[in-house]
Amino acid sequence: MKSSALRDGTAPVTPYLLTLCDELANMRSKPLAIFAAGDLAAELRILGDALWLIVRRPGKGGVAMRAATWAGETVATALKPELGEIARIRVTSRLGVHIIAAKVGARTHPYFRLTTRFTPSAPTRLPFVPRDLYPLDHHDEPLGTSGRVHAVQRGLNAGLLYFQLDDPAAGTFFYFQNLTALNDYCRATGTKPEDVVGGEWPELGFLLPTPEPGAEEDIAPLALGKEITLSDAILLCRPDGPSDERDCARHFLQLLGGAYQLLDLPPTEYRDWVDRANRTLHDLDRAPEATIRHYGHRYVHPYTAAEYPDIMVQMSIIQAIHDWGKWNGKPHPLEAEFKAGLNKFWDPKLKTLRRYLPNVGDDKDADAVDSWYLYHPLLNLGRLAHGGDKQAKSLFLKSMDYAIKAAHHFDYKWPIQYKITDFSVITETAGADGRGQTDVGGVYAWVMLQAFDLTDEKRYLDEARAAIDAAIGLGFGINYQANLTAWGAAACMRLWRITDRDVYRDQSYVYLA
């Protein structure tokens, strides 16, 4: 979480922020449109060289969201709203024509949606535009606010921002920028909408991507007369703030669902998945680039004709083929063929499955293992064991002691990579976020619950609980790799059903969020 430090003068300000503060303090013109959503009052008005949506919770502050910005003198006209719109504004300037469409509603929560389209009056290069969302106190002053940002866009994932306004207590806000609507703009400017939604309090929201300095000359300007979407922003509002991280995650999921319902979904297309699965199995069996032989057995290449066979890939493919066989009504021959070589990954001294086969090349550290690589193969072994596979059950259960030993050594807080022989750490944290594999505890908990179901031994249930308990407090920092995080959510739900403790059901929301 991030908190502001504006009141003690330690937070930075920018000219854009100070200009907005002055314009908010000196509002004199009439709004172009006034409307409401639930208990929120809203207006569209011009402040300086931009059109703003100002949303207020009476007596408790709110937010200001920029809809469009331009240069020079303008003529702003309120047009007749089109179907579903509450307001439509046309702003004509020397730069071109901006059309801003506003929609509002109050389904589960009040929402506002602003879509901004721009038609250049000449070949145009858009300069840097500051972020578009600012919290306001009850005097419409961004610098008088404090709050917390819980989640922002990561990389090229969904363009979202989730924050709460603590002082004044105006509630929780969820901003969603529909990045799909920006496709034409990004293609035209050679940009990517990567990490474009976020910010530092109180300058939050969307940062329009622009070409890197020096790259502009290689990119054609926006074409004269061709309309292009510059923003499609959705803002959802709750009147309250979360009480803890589980409540925070639950609110996040509800608000994300509200934003999703407002998006235009792509049309459903028919795909022959059965035919594709059959062709995939055929290629896996026949293509020489797909598999390789060692010790008289057949193993899967992790990548096409590349990398040494490893237990995680081998088990993932076996489990997928097993599921296909169950659906199809009869096992596929490749399942048995790939399972035949599993014992070569077993280390009888360590009593665990190794990542690589014993003959792995010298260019690999045979003892190095990513934390999740220890447990993911066990997860798939456990799934086979639950289906009655005796070989899988034997390998699974005799691997449990080492699996628990590793969890105890790292106190349920796993590093990125370590030596399987002595647990010495090779890589402690990831450079991108300074954290280890924070969600391994979730997949570990699921593996322990598989063992509990197979044996009814309470120690496995205790291990699952200990791993989930150790992750409480990580909040939105819990995600390392989403396929692992999903198993954490499943483990929490299973623990809730077994123990009847609501904290585990609620913790599943943290993994999902």
[Y] backbone acceptor or donor facing [X] side chain under 3.5 Å:
{"X": "Gln164", "Y": "Gly241", "value": "no"}
{"X": "Arg90", "Y": "Ala78", "value": "no"}
{"X": "Glu227", "Y": "Phe118", "value": "no"}
{"X": "Gln153", "Y": "Val196", "value": "yes"}
{"X": "Asp49", "Y": "Ala71", "value": "no"}
{"X": "Gln481", "Y": "Asn483", "value": "no"}
{"X": "Asp137", "Y": "Asp140", "value": "yes"}
{"X": "Asn26", "Y": "Glu23", "value": "no"}
{"X": "Tyr418", "Y": "Ala406", "value": "no"}

Heavy-atom side-chain proximity of [X] to [Y] below 4.5 angstrom:
{"X": "Tyr504", "Y": "Asp469", "value": "yes"}
{"X": "Phe112", "Y": "Leu40", "value": "yes"}
{"X": "Trp496", "Y": "Gln507", "value": "no"}
{"X": "Leu143", "Y": "Leu17", "value": "yes"}
{"X": "Pro31", "Y": "Ile34", "value": "yes"}
{"X": "Glu245", "Y": "His150", "value": "no"}
{"X": "Ile46", "Y": "Trp52", "value": "no"}
{"X": "Thr14", "Y": "Glu203", "value": "yes"}

Looking at every non-hydrogen atom in both residues, tell me the closest pair between [X] and [Y] and how far apart they are.
{"X": "Leu136", "Y": "Leu165", "answer": "O-CD2, 3.6 Å"}
{"X": "Leu114", "Y": "Ala67", "answer": "CD1-CB, 3.8 Å"}
{"X": "Ala170", "Y": "Lys60", "answer": "CB-O, 2.8 Å"}
{"X": "Pro242", "Y": "Thr172", "answer": "CD-OG1, 3.8 Å"}
{"X": "Ala106", "Y": "Tyr111", "answer": "N-CE2, 4.0 Å"}
{"X": "Tyr412", "Y": "Ala470", "answer": "CB-CB, 3.7 Å"}

Is the gap between the ring centers of [X] and [Y] under 6.0 Å?
{"X": "Trp414", "Y": "Tyr375", "result": "yes"}
{"X": "Phe476", "Y": "Phe252", "result": "yes"}
{"X": "Trp487", "Y": "Tyr511", "result": "no"}
{"X": "Phe206", "Y": "Tyr175", "result": "no"}

Got more than 12 heavy atoms from elsewhere within 6.0 Å of OH, Tyr260? no
Evaluate whether atom NZ of Lys226 has more than 12 neighbouring non-hydrogen atoms of other residues, nucleotides or ligands under 6.0 angstrom away. no
Derivation of the side chain to side chain contact (heavy atoms under 4.5 Å, CB included) call for Ile478 and Thr485
CA-CA 8 Å; Ile478 206 166; Thr485 316; 4.3 Å; yes
Taking the basic N atoms (NZ, or NE/NH1/NH2) and the acidic carboxylate oxygens, is any pair closer than 4.0 Å for [X] and [Y]?
{"X": "Asp240", "Y": "Arg238", "answer": "yes"}
{"X": "Arg113", "Y": "Asp232", "answer": "yes"}
{"X": "Glu82", "Y": "Arg88", "answer": "yes"}
{"X": "Arg131", "Y": "Glu200", "answer": "no"}
{"X": "Asp506", "Y": "Arg250", "answer": "no"}
{"X": "Glu307", "Y": "Lys364", "answer": "yes"}

Salt bridge (Lys or Arg N to Asp or Glu O under 4.0 Å) evaluation trace for Asp411 with Lys413: CA-CA 5 Å; Asp411 196 23; Lys413 297 174 183 176; 5.2 Å; no
Would you kindly say whether Tyr444 and Asp439 are connected by a side-chain donor-acceptor distance under 3.5 Å?
no
inquiry  = Distance alone, cut at 3.5 Å: any donor-acceptor contact between the side chains of Thr438 and Arg435?
reply    = yes
- Message: For Asp22 and Leu24: C-alpha separation, side-chain torsions, deciding distance, then whether side chain to side chain contact (heavy atoms under 4.5 Å, CB included) applies.
- Response: CA-CA 5 Å; Asp22 290 342; Leu24 286 165; over 6 Å; no
Apply the test salt bridge (Lys or Arg N to Asp or Glu O under 4.0 Å) to residues Asp166 and Arg148: give CA-CA distance (whole Å), side-chain angles for both, the deciding distance (0.1 Å), then the verdict.
-> CA-CA 7 Å; Asp166 291 325; Arg148 285 170 283 176; 3.0 Å; yes
From [X] [atom1] over to [Y] [atom2], what is the distance, rounded to the nearest 0.5 angstrom?
{"X": "Arg355", "Y": "Asp365", "atom1": "CZ", "atom2": "CG", "value": "10.0 Å"}
{"X": "Arg246", "Y": "Ile472", "atom1": "CZ", "atom2": "CD1", "value": "5.0 Å"}
{"X": "Thr124", "Y": "Leu126", "atom1": "OG1", "atom2": "CG", "value": "6.5 Å"}
{"X": "Asp247", "Y": "His251", "atom1": "CG", "atom2": "NE2", "value": "3.5 Å"}
{"X": "Arg57", "Y": "Cys237", "atom1": "CZ", "atom2": "SG", "value": "6.5 Å"}
{"X": "Leu263", "Y": "Thr180", "atom1": "CG", "atom2": "OG1", "value": "7.5 Å"}

Hey, can you pull the donor-acceptor pairs under 3.5 Å for the side chains in residues 95-102, sequence neighbours left out?
from	atom 1	to	atom 2	distance (Å)
His98	NE2	Thr69	O	3.4

Angle between ring planes, [X] versus [Y], binned at 30° and 60°: parallel, tilted or perpendicular?
{"X": "Phe128", "Y": "Tyr16", "answer": "tilted"}
{"X": "Tyr162", "Y": "Phe174", "answer": "tilted"}
{"X": "His376", "Y": "Trp372", "answer": "perpendicular"}

Item checked: Steps toward ring-ring contact (aromatic ring centres under 6.0 Å, His included) verdict (Trp201, Phe163) -> CA-CA 10 Å; Trp201 197 281; Phe163 70 98; 5.7 Å; yes
- Checking side chain to side chain contact (heavy atoms under 4.5 Å, CB included) for the pair Ser121/Leu224: CA distance, chi angles, key distance, verdict? CA-CA 6 Å; Ser121 60; Leu224 178 155; over 6 Å; no
Using the side chain to side chain donor-acceptor pair (under 3.5 Å) rule, take Gln177 and Ser231 through it: C-alpha gap first, then chi angles, then the decisive distance, then the call. CA-CA 7 Å; Gln177 178 65 232; Ser231 175; 3.2 Å; yes
Exercise. Where do Lys192 and Glu194 land on the salt bridge (Lys or Arg N to Asp or Glu O under 4.0 Å) test, with the steps shown first?
Worked result: CA-CA 5 Å; Lys192 295 180 180 179; Glu194 184 173 6; 5.4 Å; no
